[in-house]
There are 2 protein chains.
Amino acid sequence: MTTAPRDTKREILDTAEAMLQERGFNAFSYQHIAERLGVKNAAVHYHFRSKADLGVAVIERYRRRFHRWAERLNSEGPHDPWGRLEAYFQIYFAFLHSGNRICPSGVLQAEFESIPEEMREASRVLLEDLLGWLTVLLADGRERGAFHFLGEPADQAMILGSTLQGGLQIARACGPERFEAAVEQLRRQLKA
Amino acid sequence: MTTAPRDTKREILDTAEAMLQERGFNAFSYQHIAERLGVKNAAVHYHFRSKADLGVAVIERYRRRFHRWAERLNSEGPHDPWGRLEAYFQIYFAFLHSGNRICPSGVLQAEFESIPEEMREASRVLLEDLLGWLTVLLADGRERGAFHFLGEPADQAMILGSTLQGGLQIARACGPERFEAAVEQLRRQLKA
DNA sequence: GTCTATAACGTGATAGAC
DNA sequence: GTCTATCACGTTATAGAC
């Protein structure tokens with residue numbers, strides 16, 4: 001029985017992703033990552049030439065993971081709109097309970113003007129995917145009589161997306177209960 | 001006729017506030033402020049010993065300004081709930097049209113784990129004031145039959161606050177129309 | 001693939017002249 | 001109140017040995 005070989009590249013991505021969600025892109029360095037993994041910062045540069053490259057890789061991986069999550073939901077998950085919406089909420093509750101992490105898309109937008117252009121482009125694409133998924137869910141759920149709301153699905157998706165993203169941020173300053181209350185309020189709105 | 005004497009301290013606060021909302025706290029330096037004002041970085045340190053002091057001063061000033069805004073709204077502004085809510089929306093539209101600035105409270109929460117503790121405390125207080133004001137407005141507006149929503153006013157305030165905060169951030173990545181659409185959707189919800 | 005060593009620069013901050 | 005000069009340190013990034 002052999003020990004699994006160490007996958008440094010993957011560990012760097014995991015660490016960078018966690019630090020991005022915990023502290024922001026401008027508040028962690030190659031040193032921080034190297035120290036946490038017990039390697040030297042040159043090793044990190046070997047896997048990701050520049051910090052911008054690392055940032056883009058983190059965003060793209062997150063986006064691919066979201067697509068896999070969505071595909072799995074299609075094949076194995078609940079098919080009713082409410083079950084699917086709750087599954088989406090669950091992503092954010094998991095962040096909340098993993099050390100007050102916030103939405104990666106949100107932190108990148110907050111720092112939008114001070115991150116490399118390549119990362120801005122990558123986070124634009126990620127955001128469109130997230131809002132697009134919500135829009136389709138809302139449109140479909142209303143057609144099937146599960147959700148109730150006025151206006152366009154894309155606009156209601158903005159309310160949901162903004163509330164989840166903003167709510168996680170607000171929870172840092174005034175506690176997780178406020179996020180839970182916000183999500184409960186979203187549920188109430190869609191039931192009415 | 002004499003020229004107004006230069007108020008460097010105030011100009012530093014203005015510049016720091018703008019840079020906070022545009023780039024985030026971790027993405028501007030004393031050098032940046034000094035260069036923009038045409039002074040040396042030692043001059044900035046003369047007015048604010050540390051960057052944490054400067055950060056706290058920016059937050060506190062913003063909070064005082066919000067209170068003056070609220071008092072003026074009580075004395076001179078519209079007294080009907082809808083007029084008051086639109087006045088609040090206007091604060092965020094002004095940010096949107098001043099170079100994609102985002103809510104100061106939001107950017108501080110996004111960087112919460114990487115800013116000095118004194119700033120965290122100050123931004124907690126600011127957030128409570130903002131959400132508190134919205135909560136009172138919603139409670140009052142519903143009593144008077146102007147707003148319609150289910151659940152507690154504090155929970156609906158989370159939806160409004162999160163959507164405005166998150167919406168400004170999202171607008172950076174996908175355009176100002178999306179923020180306007182989100183606000184319009186908020187209006188629709190409260191009218192129903 | 002990881003290391004040591006180092007470059008080139010930006011950072012927050014201070015001392016002391018004017 | 002602003003300046004010059006400087007400090008100690010952290011940052012991204014690279015060259016070359018192992």
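Lettering of chains follows the sequences in order, A, B, ..., and the numbering in each one begins at 1.
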Residue [X], side-chain heavy atoms: nucleotide from [options] that is nearest:
| X | options | value |
| --- | --- | --- |
| A42(A) | dA13(C), dA15(D), dT12(D) | dA15(D) |
| H32(B) | dT4(D), dT12(D), dT11(C) | dT11(C) |
| Y30(B) | dT14(D), dC3(D), dG12(C) | dG12(C) |
| Q31(A) | dT12(D), dT4(D), dT4(C) | dT12(D) |

- Task: Answer yes or no: is there an ion pair linking E71(B) with R64(B), defined by an N-O contact shorter than 4.0 Å?
- Result: no
- Under-4.0 Å salt bridge between R63(B) and E60(B): yes
- Can you tell me if the side-chain N/O atoms of T8(B) get under 4.0 Å from OP1 or OP2 in dG1(D)? no
- Message: If you compare every side-chain N and O of S29(A) against the phosphate oxygens of dG10(D) (OP1, OP2), does one of them come in below 4.0 Å?
- Response: no
- Message: Count I, L, V, M, F, W, Y as connected when their side-chain heavy atoms are under 4.5 Å apart, and connections chain through other members. Are I102(A) and I159(B) then in the same cluster?
- Response: yes
- Decide whether T15(A) and E11(A) meet the rule of one side-chain donor and one side-chain acceptor closer than 3.5 Å. no
Length of the line joining [X]:[atom1] and [N]:[atom2], which is rounded to integer Å:
| X | N | atom1 | atom2 | value |
| --- | --- | --- | --- | --- |
| K40(B) | dT14(C) | NZ | C1' | 17 Å |
| F28(B) | dG10(C) | CZ | P | 18 Å |
| N26(A) | dT11(C) | CG | C1' | 13 Å |
| I12(A) | dA13(D) | CD1 | P | 14 Å |
| N41(B) | dA15(C) | CG | C1' | 13 Å |
| H45(B) | dC7(D) | NE2 | C1' | 12 Å |
| M119(B) | dG12(C) | CE | P | 12 Å |

- Item | Euclidean distance, L150(B) CG relative to E184(A) CD, rounded to 0.5 Å | 11.0 Å
- Please examine the side chains of Q156(A) and Q189(B), heavy atoms only from C-beta on, and report whether any two atoms are closer than 4.5 Å. yes
- Message: Can you pull out the residues from residues 46-58 of chain B that lie within a 4.0 Å heavy-atom distance of DNA chain D?
- Response: Y46(B), H47(B)
- Message: Under the salt bridge (Lys or Arg N to Asp or Glu O under 4.0 Å) definition, can you give me all pairs with a residue in residues 152-161 of chain A, not counting sequence neighbours?
- Response: D155(A)-R188(B)
